[in-house]
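This report refers to the structure that appears directly beneath it.
Just so you know, these numbers come straight off a predicted model, no measurement behind them.
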Number of protein chains: 2
Amino acid sequence: MSDLLERLRGRGWRMTAQRRVVAEVLDGDHVHLTADEVHARAADKLPEISRATVYNTLGELVTLGEVLEVTTDRRAKRYDPNAHRPHHHLVCARCGAIRDVHPTGNPLTSLPDSERFGFTVEGVEVTYRGVCPDCATA
Amino acid sequence: MSDLLERLRGRGWRMTAQRRVVAEVLDGDHVHLTADEVHARAADKLPEISRATVYNTLGELVTLGEVLEVTTDRRAKRYDPNAHRPHHHLVCARCGAIRDVHPTGNPLTSLPDSERFGFTVEGVEVTYRGVCPDCATA
DNA sequence: CACTTGACTTAGACAAAGTCTATCGTAGGA
DNA sequence: TCCTACGATAGACTTTGTCTAAGTCAAGTG
Ligand SMILES: [Mn+2]
Ligand SMILES: [Mn+2]
Ligand SMILES: [Zn+2]
Ligand SMILES: [Zn+2]
């Protein structure tokens, strides 16, 4: 999506080589990368890019709503360019593989008022855990 | 629950002062403590207890299924002694307050086979996010 | 095009959370 | 009471991420 670059420019971003390569990395079909993985792939195209810049750019993309942070374990956060279609995640407990999933129904409606304790509930994250086909046969 | 101490003894645990105070801390009504919070409270009763021992003991309790790990943010893991009644969590986005909640229905059934990608799905975590009453008025 | 400037990038220090290791101590059985 | 394997300890180390001070450059101006 060179859409993304256009949108960023429209938001007043200076178009630097660093921001371009980070956006290109996320634009691929490689979903749910860690910041270090993004950095490694970005550095293939722009070897001198720094970790700080990758973190800064990812944080900005998250703030703009162009990328989502996903936390499926207590290791590194993962960055999800699929920010425009709401979804949840299915995670392999053995190898860590992550798939996007789209459950039926709205989990927000399954939380009764009596279980809200006066909170204004704004969102919900759902993480399914299991074993992927590869790990099951191995 | 001095039940807990009995169960641990039954599992062959040596009953040390350190393990006893960690179990006592978790036994109170103070739910969802971080490891450091557990350490601080344990140290009130046993000043020389080390961080490593708290981490070790918490890890063992998790392995035994007596305590659950809860990760609601990318900060520290929290340790949940409410391991015997399945539940999910409602988290305040501002102050981090955590409440146990019991939604209706089973979220596992809302994930159709066509969205399982061959995984054997074993569990699901649900985290509701919102703003608690205290933070809403402040 | 050359100039200017503040936004951007960088290296590396720093921090928080957790793990690991070598050594010491002790719970609990003989 | 003694022995010893299991557990506790201090502190080094790792991972992930943030912050800072100084240098660089994108892009607007003339
Ligand atoms: Mn996703
Ligand atoms: Mn709980
Ligand atoms: Zn797997
Ligand atoms: Zn709050």
Path from B:L68 to B:L64 over hydrophobic side-chain contacts below 4.5 Å: no
Under-4.0 Å side-chain N/O to phosphate OP1/OP2 contact, A:Q18 with C:dT10: yes
Joint cluster assignment, B:V91 & B:V131, ILVMFWY side-chain distance < 4.5 Å: no
Aromatic ring pairing B:H89/B:H32, orientation class (parallel under 30°, perpendicular over 60°, tilted between): perpendicular
Pair A:E37 + A:R78: basic N to acidic O under 4.0 Å: yes
Electrostatic pair B:R99:A:E115 at N-O distance under 4.0 angstrom: no
Whole-Å gap separating P (D:dT18) and CD (A:E69): 8 Å
Nearest-nucleotide 5' precedence on DNA chain C, A:R19 against A:R74: A:R19
Donor-acceptor side-chain pairing of A:R74 and B:T71 below 3.5 angstrom: yes
Within one Ile-Leu-Val-Met-Phe-Trp-Tyr cluster: B:I49 and B:Y55, side-chain cutoff 4.5 Å: no
Of residues 34-49 of chain B, the positions that come close to DNA chain D - non-hydrogen atoms, cut-off under 4.0 Å: B:E48, B:I49
B/S/- contact track for nucleotides 19-30 of chain C, protein heavy atom under 4.0 Å: BB-----BBS--
Same apolar cluster: B:V70 and B:L61, side chain cutoff 4.5 Å: no
Value in whole Å for how far the C1' atom of C:dA15 lies from CZ of B:R75: 10 Å
